[in-house]
Amino acid sequence: MTIKAVRGTRDLLPPDTALWNFVEETARDVFRAYNFQEIRTPIFESTELFARGVGEETDIVSKEMYTWEDRSRKSPLSDAPYEAAAEVLGKGQSLTLRPEATAGIVRAYIEHNLGQRGLSKLYLIGPMFRRERPQKGRYRQFYQIDAEIIGPPGSGSDSPVRDAEVIEMLATLLDRLGIKGWNLQLNSVGCANDRAKFNEALRQALEPVVGQMCADCQRRAVTNPLRVFDCKVPADQPIIEKLPRISHFLDEPCREHFDEVQNILAKIGIQFSLNDRLVRGLDYYTRTAFEFTHGALGAQNAILGGGRYDGLSEALGGPSAPGIGFAIGEDRLVMSLPESAESVQKKPDVYVAPLGAGMNCEAAGLARELRRQNLVVDLGDENFRLKKSFEAATRAGAKYILIVGENEVKADSFALKNLATGEQISVPRGELTQKIRA
RNA sequence: GUGGGAAUAGCUCAACUGGCAGAGCACCGGACUGUGGCUCCGACGGUUGCGGGUUCGAUUCCCGUUUCCCACCCCA
């Protein structure tokens with residue numbers, strides 16, 4: 001039995017990787033225009049970070065994390081094989097593969113006192129890990145493109161301008177990637193006080209009717225009443241329609257904040273729809289919550305999600321640092337791209353084909369010169385028959401083939417053939433770069 | 001964690017009621033010693049996901065298991 005990639009993980013191969021690079025380069029380019037800068041945090045963190053940051057009650061923390069006990073630093077067996085070390089692991093630290101990016105970024109923000117620099121605009125691209133059942137658009141190792149605006153209150157980090165800025169940036173990114181037919185849904189889940197009041201009202205409203213609802217809703221009514229709004233069972237919809245809505249429980253500052261976000265978005269021409277049933281799965285969200293969906297993704301139709309988390313820093317023992325951010329599911333983003341992998345792939349400008357004994361050296365020298373001119377150059381082998389070189393050049397998608405044989409070397413002028421048109425000319429060494437680039 | 005479908009050559013798929021495991025494409029070589037895409041010929045390619053059972057005989061039927069796909073759940 002050969003060893004295979006483990007369940008829920010996968011290899012990304014060429015030419016698909018060209019698509020991923022296209023997405024990441026475009027994202028970096030767009031983020032730069034909004035003055036975001038990159039942050040890289042560790043792929044594993046103390047388990048406690050996610051327990052406190054994401055929330056003990058969330059599905060992510062309660063059943064989806066890859067968590068293990070590290071070896072104890074003091075263990076006399078610390079350099080023993082892990083089977084033996086496991087015997088003394090009682091004192092080891094509990095570690096977890098990151099299931100999302102925000103907690104780690106806020107941890108770094110606190111740890112390095114980034115609040116002293118004013119407003120931080122940070123982005124992170126990398127793998128996340130959740131132990132869920134794999135499905136279309138859902139993997140156990142998946143990639144997120146994440147960005148956050150966070151800072152002390154005086155830096156304006158809590159301003160609705162920031163919410164609108166982040167959302168508008170996402171619309172720009174999706175447009176730049178050529179993604180058509182995305183849909184933006186917006187909601188405000190209020191502050192902690194609003195949520196407490198709303199939860200209580202919801203619980204009361206559910207009590208007399210929950211018996212008539214589906215089994216899932218009966219469970220949710222106890223564990224997490226907000227999630228009742230996610231229910232898709234038709235028979236439950238009339239009941240859900242009559243339940244209280246978070247929008248009626250927002251206090252005055254939260255309402256004004258949300259109004260201003262909508263106001264800005266409308267003024268700058270970003271289409272959105274309000275959805276007061278939109279709830280997010282992580283405990284730390286406050287006020288603005290949003291989601292971009294796309295039709296071509298099957299059941300996992302959320303291409304990205306985000307929101308505001310004004311109390312997260314404090315929950316992690318840090319200073320007050322309101323923030324807003326989002327996470328794009330890169331796997332899903334790539335799935336909804338209209339581009340083909342072929343179309344974004346960088347093809348060789350020229351295929352250098354040495355022909356006959358001793359020509360490898362000549363060809364290698366020429367290839368080096370051309371590559372130093374920033375041309376994309378592929379290189380053959382003097383043992384190839386010319387036919388084989390042509391086939392290799394064609395397969396590589398090269399624009400030109402450059403033949404390096406004895407005749408050419410003697411004349412210091414090389415046969416350059418355009419593989420698409422069939423036109424062939426003899427080009428002196430000094431003019432090669434210019435001719436190939438033309 | 002639950003439910004449905006699937007797994008045969010690198011890829012896409014055949015193989016009747018249980019009877020020698022095949023094709024197309026791709027790959028490699030040749031026809032063709034310095035000019036590609038076309039054509040023709042040849043070669044390579046398999047523990048039929050894995051393990052067990054029934055049978056004279058299993059890709060085929062049965063059980064288990066793993067993985068993938070789809071959906072639930074949840075989320076990006």
Side-chain angles (χ1 to χ4, degrees), chain A residues 1-10 13 54 57-64 98-102 125-146 170 214-217 219-220 223-224 227 230-233 278-282 285 290-294 297-307 325-336 351 353-357 359 380 382-398 400-408 414-424:
Chain A
M1 264 284 276
T2 52
I3 298 172
K4 301 197 294 185
V6 306
R7 182 174 172 78
T9 71
R10 57 181 181 153
L13 306 173
V54 178
E57 301 310 315
T58 61
D59 280 14
I60 291 175
V61 171
S62 64
K63 54 191 190 197
E64 295 173 1
R98 64 184 183 196
E100 59 97 48
T102 307
I125 300 174
M128 307 293 157
F129 307 84
R130 293 183 201 171
R131 198 182 181 290
E132 299 180 87
R133 186 102 165 234
Q135 196 179 322
K136 184 183 181 72
R138 195 170 78 183
Y139 305 94
R140 290 181 169 186
Q141 173 172 340
F142 59 102
Y143 293 80
Q144 286 191 343
I145 300 173
D146 185 282
L170 284 163
C214 69
D216 281 334
C217 281
R219 178 179 48 78
R220 286 187 279 234
T223 58
N224 191 350
R227 292 236 82 91
D230 276 346
C231 180
K232 285 146 200 149
V233 177
L278 175 69
V279 289
R280 304 219 54 79
L282 288 70
Y285 283 114
F290 58 90
E291 198 166 281
F292 284 71
T293 56
H294 193 271
L297 292 177
Q300 312 299 321
N301 68 349
I303 202 169
L304 69 93
F326 61 81
I328 303 172
E330 192 174 357
D331 306 76
R332 294 178 187 179
L333 191 59
V334 169
M335 273 193 275
S336 46
Y351 182 97
L355 184 66
M359 290 301 118
E382 66 185 22
N383 292 319
F384 290 176
R385 301 225 313 250
L386 197 53
K387 174 186 168 74
K388 186 167 169 177
S389 290
F390 267 85
E391 285 168 351
T394 302
R395 187 188 311 171
Y400 290 99
I401 185 168
L402 182 69
I403 298 166
V404 182
E406 269 184 60
N407 301 341
E408 283 80 3
F414 300 83
L416 182 69
K417 183 167 185 178
N418 184 315
L419 284 164
T421 66
E423 185 193 359
Q424 180 169 332

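The sequence lines fix the lettering, A, B, ..., with proteins before strands; numbering per chain opens at 1.
Atom CZ in A/Arg133 sits about 8 Å away from atom P in B/G3, given to the nearest Å. Separating the CD atom of A/Glu132 from the C1' atom of B/U67 is a distance of 18 Å, rounded to the nearest angstrom. In this structure, A/Phe384 places its CZ atom 17 Å from C1' of B/G30, rounding to the nearest Å.
Contact annotation for A/Leu333: no contact, since no heavy-atom pair falls under 4.0 Å across all strands.
Side-chain N/O atoms of A/Lys388 include one lying less than 4.0 angstrom from OP1 or OP2 on B/G29. Not one side-chain nitrogen or oxygen of A/Arg7 sits closer than 4.0 Å to the OP1 or OP2 atom of B/U66. Between A/Arg395 and B/C27, a side-chain N or O to OP1/OP2 separation shorter than 4.0 Å is present. At the phosphate of B/A71, OP1 or OP2 sits under 4.0 Å from a side-chain N or O atom of A/Gln135.
Checked against B/U67, B/C68, B/C72, the side chain of A/Arg138 finds its nearest nucleotide in B/C72. Of all nucleotides listed (B/C75, B/G34, B/C28), B/C75 comes nearest to the side chain of A/Arg332. Across B/A76, B/U35, B/C28, the shortest atom-to-atom separation from the side chain of A/Phe390 is found for B/U35. Among B/U35, B/C69, B/A76, the nucleotide with an atom closest to any side-chain atom of A/Pro134 is B/C69. In the set B/A76, B/C32, B/A71, B/A76 carries the atom at the smallest distance from any side-chain atom of A/Tyr285. The listed nucleotides are B/C32, B/C27, B/C75; the one nearest the side chain of A/Lys387 is B/C32. Nearest to the side chain of A/Arg385, among B/G36, B/A76, B/A31, sits B/A31.
Pair check for B/C25 finds B/G10; Watson-Crick or G-U wobble, both atom distances under 3.5 Å. Across all strands shown, B/U2 is found opposite B/A71 as a Watson-Crick or G-U wobble partner, with both distances under 3.5 Å.
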